[in-house]
Colleague: 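One structure, as structure tokens, below. Some questions next.
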Amino acid sequence: MKAMKIGVLGTGVVGTTIGSKLVALGHDVMLGARSATNEKAAVWVGETGKRASHGTFTAAAAHGEIVFNCTAGTGAVAAVTAAGVDNLRGKILIDVSNPLDFSKGMPPSSMFRGDDSLGEQIQRAVPEALVVKTLNTVNAHVMVAPGQVNGGDHHVFVCGDDGHAKARVKEILHAWFDWKHVIDLGDMTGARGCEAYVLFWVRLWGAQSTADFNIKVVK
Ligand SMILES: NC(=O)c1ccc[n+]([C@@H]2O[C@H](COP(=O)([O-])OP(=O)(O)OC[C@H]3O[C@@H](n4cnc5c(N)ncnc54)[C@H](OP(=O)(O)O)[C@@H]3O)[C@@H](O)[C@H]2O)c1
């Protein structure tokens, strides 16, 4: 796949891990934050080199031919709204966020009770973006290197309302991150399931000595 301009909304471990992987693949990545002078983003740019840059959510969305949303669940709708309807129109927006509420400490609770999801809220906030939910069910390091768990023999999920966008994201998961097994959960209401799973993921993490694990669906 040709080198592209990618916008990554989010300066946490997910945004910087995905951003670094994309730069290593030859893409031109702008990390977005609430402030154009975000310190974490500036450090990441210093460490990552000339194909890395940073700016506001708005600037990163304008920069990207494809955009990743890697912001905290409680701020994700605000982040994509700040990114701007005009900057995301017609673009694939890969949403990896989870609706986790840490306000009462660990373990977190979900922001939803089964009749809505962050994926749906984000799609409603930027209706002309082609939102595809994926990668939210694994740790940041596994997102970009699935082969480090069971040789890559495990599953990741996609859902979203636009079939062409989902097909493209499946190609991206394979070509950029080396995912071998992708299960399509259907339209964006599938996010209700894969986001709810993350509460179980947190319990599995607590029950093991590593966050570098995943599930394999067997029939
Ligand atoms: N950590 C993982 O391995 C993992 C795995 C799967 C999914 N996820 C999901 O991926 C997302 C990113 O996780 P993370 O651990 O990298 O980072 P995080 O700490 O959850 O989120 C950091 C980003 O959220 C933005 N943010 C926070 N509050 C905001 C608000 N009120 N309005 C707008 N933006 C706000 C921050 O903006 P500033 O830069 O301006 O501070 C920052 O860019 C989360 O939704 C998480 O649940 C994480």
Side-chain angles (χ1 to χ4, degrees), residues 7-22 29-45 52-61 64 67-84 87-88 93-103 105-112 117-122 125-126 131-146 148-149 154-159 173 177 179 191 193-206 208 210-215:
V8 175
L9 313 180
T11 58
V13 65
V14 177
T16 54
T17 301
I18 288 178
S20 296
K21 175 71 181 185
L22 296 175
V29 178
M30 183 183 285
L31 215 60
R34 281 169 284 193
S35 156
T37 56
N38 183 285
E39 232 173 84
K40 281 194 209 167
V43 169
W44 176 79
V45 169
S53 59
H54 74 104
T56 59
F57 290 135
T58 317
V67 179
F68 284 74
N69 172 43
C70 310
T71 58
T74 48
V77 170
V80 300
T81 302
N87 294 321
L88 293 170
L93 175 59
I94 300 178
D95 174 36
V96 311
S97 64
N98 278 313
L100 297 178
D101 176 0
F102 292 93
S103 61
M106 286 294 279
S109 57
S110 173
M111 291 160 54
F112 304 110
S117 64
L118 211 40
E120 290 165 273
Q121 286 205 347
I122 288 169
V126 283
V131 184
V132 178
K133 181 120 213 158
T134 190
L135 294 173
N136 66 305
T137 52
V138 291
N139 161 290
H141 308 295
V142 180
M143 290 180 189
V144 299
Q148 72 180 346
V149 175
H154 49 90
H155 288 91
V156 72
F157 309 95
V158 292
C159 59
L173 289 170
F177 303 142
W179 277 94
C194 66
E195 291 179 4
Y197 161 77
V198 175
L199 294 178
F200 183 47
W201 183 95
V202 170
R203 299 292 177 151
L204 288 170
W205 177 31
Q208 301 182 100
T210 176
D212 293 345
F213 64 87
N214 193 17
I215 55 169

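Only a predicted model underlies this, so the values are computations on that prediction, with no experimental measurement involved. Order of appearance sets the numbers: ligands from 1, and atoms from 1 within every ligand.
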Colleague: Kindly confirm or rule out an N or O of T11 lying under 3.5 angstrom from an N or O of ligand 1.
Modeller: yes
Colleague: Would you say the side chain of I215 lies within less than 4.5 Å of the side chain of Y197, judging by non-hydrogen atoms?
Modeller: yes
Colleague: If you define the side chain from C-beta out and look only at heavy atoms, does anything of T71 sit under 4.5 Å from F57?
Modeller: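 Answer yes - side chains close enough.
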Colleague: With a 4.5 Å cut-off on side-chain heavy atoms, are P146 and N214 touching?
Modeller: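 No - every pair of side-chain heavy atoms lies 4.5 Å or more apart.
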Colleague: For atom 9 (C) of ligand 1, which protein heavy atom lies nearest, and how many Å away is it?
Modeller: V96 O, 3.5 Å
Colleague: Starting from atom 33 (C) of ligand 1, which protein heavy atom do you reach first, and at what distance in Å?
Modeller: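 Residue, atom and distance for the closest contact: G75 O, 3.4 Å.
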Colleague: Taking the side chain as everything from C-beta on, heavy atoms only, tell me whether V202 gets closer than 4.5 Å to P108.
Modeller: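 The answer is yes; the side chains approach within 4.5 Å.
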Colleague: Are any of the N/O atoms in A72 less than 3.5 Å from those in ligand 1?
Modeller: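 The answer is yes, given that A72 and ligand 1 share an N or O pair closer than 3.5 Å.
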Colleague: Does F200 CZ have over 12 foreign heavy atoms under 6.0 Å away?
Modeller: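 Incorrect, the count does not exceed 12.
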Colleague: Relative to the heavy atoms of G73, which atoms of ligand 1 are at a distance of less than 4.0 Å?
Modeller: 45 (O)
Colleague: Looking at every heavy atom in both P99 and F112, which two are closest together, and how far apart are they?
Modeller: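 Distance-wise, the nearest heavy atoms are CB-CE1, 3.5 Å.
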Colleague: So do the side chains of I94 and T134 get within less than 4.5 Å of each other, counting heavy atoms only?
Modeller: yes
Colleague: When you measure from atom 46 (C) of ligand 1 to every protein heavy atom, which one gives the shortest distance, and what is it?
Modeller: N98 N, 4.1 Å
Colleague: Regarding ligand 1, does V14 bring an N or O atom to under 3.5 Å of one of the ligand's N or O atoms?
Modeller: yes
Colleague: Is N38 close to ligand 1, meaning an N/O of one under 3.5 Å from an N/O of the other?
Modeller: yes
Colleague: May I ask you to list the atoms of ligand 1 that are less than 4.0 angstrom from any heavy atom of G12?
Modeller: 16 (O), 17 (O)
Colleague: Mark up the atoms of ligand 1 that fall under 4.0 Å of a heavy atom belonging to F57, in ascending order.
Modeller: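 Contacts of ligand 1 toward F57, numbered from 1: 33 (C), 34 (N), 37 (O).
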Colleague: Would one find more than 12 heavy atoms of other residues, nucleotides or ligands at under 6.0 Å from atom CD of Q208?
Modeller: yes
Colleague: So for ligand 1, is V13 a polar contact partner (N or O within less than 3.5 Å, distance only)?
Modeller: yes
Colleague: Can you confirm whether L31 sits close enough to V45 that some side-chain heavy atom of one is under 4.5 Å from a side-chain heavy atom of the other?
Modeller: no
Colleague: Can you check whether R34 has an N/O within less than 3.5 Å of an N/O in ligand 1?
Modeller: yes
Colleague: Does any N or O atom in T71 lie less than 3.5 angstrom from one in ligand 1, N or O only?
Modeller: yes
Colleague: Examine the proximity of ligand 1 to K40 and report which part, side chain or backbone, both or neither, has a heavy atom under 4.0 Å away.
Modeller: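 Neither; no heavy atom under 4.0 Å.
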Colleague: Heavy-atom contacts with N139 under 4.0 Å: which atoms of ligand 1 show up? List them by number with element.
Modeller: 3 (O)
Colleague: Is there at least one protein heavy-atom neighbour under 4.0 Å from atom 21 (O) of ligand 1?
Modeller: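 Answer yes: something from the protein, a heavy atom, is under 4.0 Å.
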Colleague: Which one of V144, N139, V138 satisfies the side-chain contact (heavy atoms from CB on, under 4.5 Å) criterion with H141?
Modeller: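 Filter result, single survivor: N139.
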Colleague: So, 4.0 Å and heavy atoms of H141: is ligand 1 close enough to count as a contact?
Modeller: no
Colleague: For the residue pair W201 and F213, categorise the inter-ring angle as parallel (less than 30°), tilted (30 to 60°) or perpendicular (more than 60°).
Modeller: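 W201 and F213: parallel rings.
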Colleague: Side chains of H155 and T137: does their closest heavy-atom pair fall under 4.5 Å?
Modeller: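 No, their side chains stay 4.5 Å or more apart.
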Colleague: Can you sort out which atoms of ligand 1 are near C70, meaning under 4.0 Å from one of its heavy atoms?
Modeller: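 Numbered from 1, ligand 1 contributes 11 (C), 12 (C).
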Colleague: Using a 4.0 Å cut-off to any heavy atom of A33, which atoms of ligand 1 qualify?
Modeller: 39 (O), 40 (O)
Colleague: Which atom names give the shortest non-hydrogen contact between L22 and V8, and what distance separates them?
Modeller: CD1-CG2, 4.5 Å
Colleague: Considering only heavy atoms of G10, which atoms of ligand 1 have at least one such atom less than 4.0 Å away?
Modeller: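 Those qualifying, in numeric order: 43 (O).
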Colleague: Does ligand 1 have an atom under 4.0 Å from some heavy atom of T16?
Modeller: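 Flag not set, T16 not near ligand 1.
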Colleague: I'd like to check K133 versus I122 (side-chain heavy atoms, cut-off strictly below 4.5 Å). Are they in contact?
Modeller: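 K133 vs I122: side chains apart.
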Colleague: Taking N or O atoms only and a 3.5 Å limit, does A140 qualify as a polar contact for ligand 1?
Modeller: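 Right, the criterion is met.
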Colleague: Quick test: of every protein heavy atom, which one is nearest to atom 5 (C) of ligand 1, and how far off is it to 0.1 Å?
Modeller: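 Here the nearest protein heavy atom works out to V138 O, 3.1 Å.
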Colleague: With heavy atoms of M143 as the reference, note each atom of ligand 1 found under 4.0 Å away.
Modeller: 5 (C), 6 (C), 7 (C)
